[in-house]
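The residues of the chain are indexed from 1 along the displayed sequence.
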Amino acid sequence: MTDDTLTDRVVRAPDDDVLDALAQTAHAVTTVLTRVAAEHDLSLTQLRVLAILRDRRLRMSVLADYLGLERSTMSGLVDRAEKRGLLARGPSATDGRAVEVYLTDEGLALAERGTSQVRAALEPSTAALTAAERRRLQTLLEKLVDAGLH
């Protein structure tokens, strides 16, 4: 059997094209995020932490769960960011026994620069869509995330 014959016999599921497009989109976005992170001497995970903490303080355990990391891994990541002056730890406003992580002014400035760079890199792709298409895409992507894609 030749490769062509094998290819002809592969049956594609109805959603394969959607899944392929989603995977290609995820790859393209991850490439942009990884490049922006590297430009600031950050890992992709560190960049994600800055983005997550832009508008909130979180307990380390909540942040670790959100990122799918072990608590010990999260602690090391926060330690390194703290040494760079990007993050700080402090007591929770609602539970004095709990420790929360938050961005320093320097961390917030870096998060905002990174966001601007990511937006600038992705904007040409979304500019190819009409305003209505962008709103529809946003709605669909939010629905995927709400359904458990994270």
Side-chain angles (χ1 to χ4, degrees), residues 3 6-7 10-93 98-150:
D3 286 348
L6 182 60
T7 302
V10 173
V11 178
R12 294 179 58 85
D15 287 339
D16 280 355
D17 291 339
V18 171
L19 297 176
D20 286 347
L22 186 58
Q24 290 174 25
T25 301
H27 177 73
V29 171
T30 301
T31 298
V32 169
L33 295 172
T34 301
R35 180 180 47 76
V36 169
E39 288 174 11
H40 296 286
D41 196 29
L42 298 169
S43 68
L44 181 55
T45 302
Q46 290 169 323
L47 184 70
R48 289 179 64 202
V49 167
L50 295 180
I52 292 166
L53 295 176
R54 272 189 352 193
D55 60 354
R56 69 195 80 161
R57 295 170 59 122
L58 290 176
R59 290 182 183 193
M60 293 237 324
S61 59
V62 172
L63 186 57
D65 289 344
Y66 188 79
L67 293 166
L69 299 174
E70 295 293 326
R71 308 270 188 292
S72 60
T73 303
M74 189 75 242
S75 183
L77 191 142
V78 170
D79 287 345
R80 288 186 296 280
E82 212 170 15
K83 286 178 183 161
R84 282 186 64 179
L86 303 175
L87 298 180
R89 301 175 212 221
S92 167
V99 174
E100 293 179 336
V101 182
Y102 58 94
L103 294 179
T104 62
D105 290 342
E106 184 178 345
L108 181 58
L110 180 55
E112 289 173 352
R113 279 194 312 275
T115 298
S116 293
Q117 288 177 280
V118 169
R119 184 175 289 120
L122 295 177
E123 197 278 328
S125 297
T126 59
L129 303 174
T130 66
E133 288 170 330
R134 285 192 300 273
R135 284 191 302 275
R136 181 70 179 142
L137 178 60
Q138 177 182 348
T139 299
L140 292 171
L141 292 172
E142 288 170 352
K143 187 173 182 177
L144 284 175
V145 170
D146 289 344
L149 180 65
H150 40 107

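Thr45 places none of its side-chain heavy atoms less than 4.5 Å from the side chain of Thr73. Contact annotation: the side chain of Leu22 approaches that of Leu144 to within less than 4.5 Å [non-hydrogen atoms, C-beta and beyond]. Counting heavy atoms from C-beta outward, Val78 and Val49 have side chains that stay 4.5 Å or more apart. Looking at Thr115 and Arg119, their side chains come closer than 4.5 Å, going by heavy atoms from C-beta outward. By the 4.5 Å heavy-atom criterion applied to side chains, Leu67 and Ile52 are counted as neighbours.
Taking both residues in full, the closest heavy atoms of Gln117 and Glu39 are given as NE2-OE1, 2.7 Å, listed atom of the first, atom of the second, then distance. Here the shortest heavy-atom pairing between Glu133 and Ala128 reads OE1-O, 4.4 Å. For Tyr66 against Arg48, the heavy-atom pair with the smallest separation is O-NH2, 4.3 Å. Closest approach of Leu58 and Leu63 over heavy atoms only: CD1-CD1, 4.1 Å. Closest non-hydrogen pair, Ser43 versus Ala37, comes out as O-CB, 3.7 Å. Contact record, Arg71 with Ser61: NE-CB, 3.4 Å, taken as the closest heavy-atom pair.
The one candidate from Glu142, Arg136, Arg134, Arg135 that meets the side-chain hydrogen bond (donor to acceptor under 3.5 Å, both in side chains) condition with Gln138 is Glu142. With His27 as the partner, the side chain to side chain contact (heavy atoms under 4.5 Å, CB included) test is satisfied by one option alone out of Val29, Thr31, Thr25: Thr31.
The closest donor-acceptor contact from the side chain of Ser92 to the backbone of Val99 lies at 3.5 Å or more, if one exists at all.
Separation of atoms CG (Leu42) and CZ (Arg84) is listed at 5.0 Å; rounding is to 0.5 Å. Taken from CG in Leu77 to CD in Glu82, the straight-line distance is 11.0 Å, to the nearest 0.5 Å. The CE atom of Met60 sits 9.5 Å away from atom CG of Leu87, with the distance rounded to the nearest 0.5 Å. Taking OG1 from Thr30 and CZ from Arg35, the interatomic distance works out to 12.5 Å, rounded to the nearest 0.5 Å. Here the straight-line distance linking atom CG of Leu86 with atom OG1 of Thr104 works out to 5.5 Å at 0.5 Å rounding.
The 12-atom threshold is not exceeded at CG of Asp105, counting heavy atoms of other residues, nucleotides or ligands nearer than 6.0 Å. Residue-environment remark: CD (Glu70) stays at or below the threshold of 12 foreign heavy atoms within 6.0 Å.
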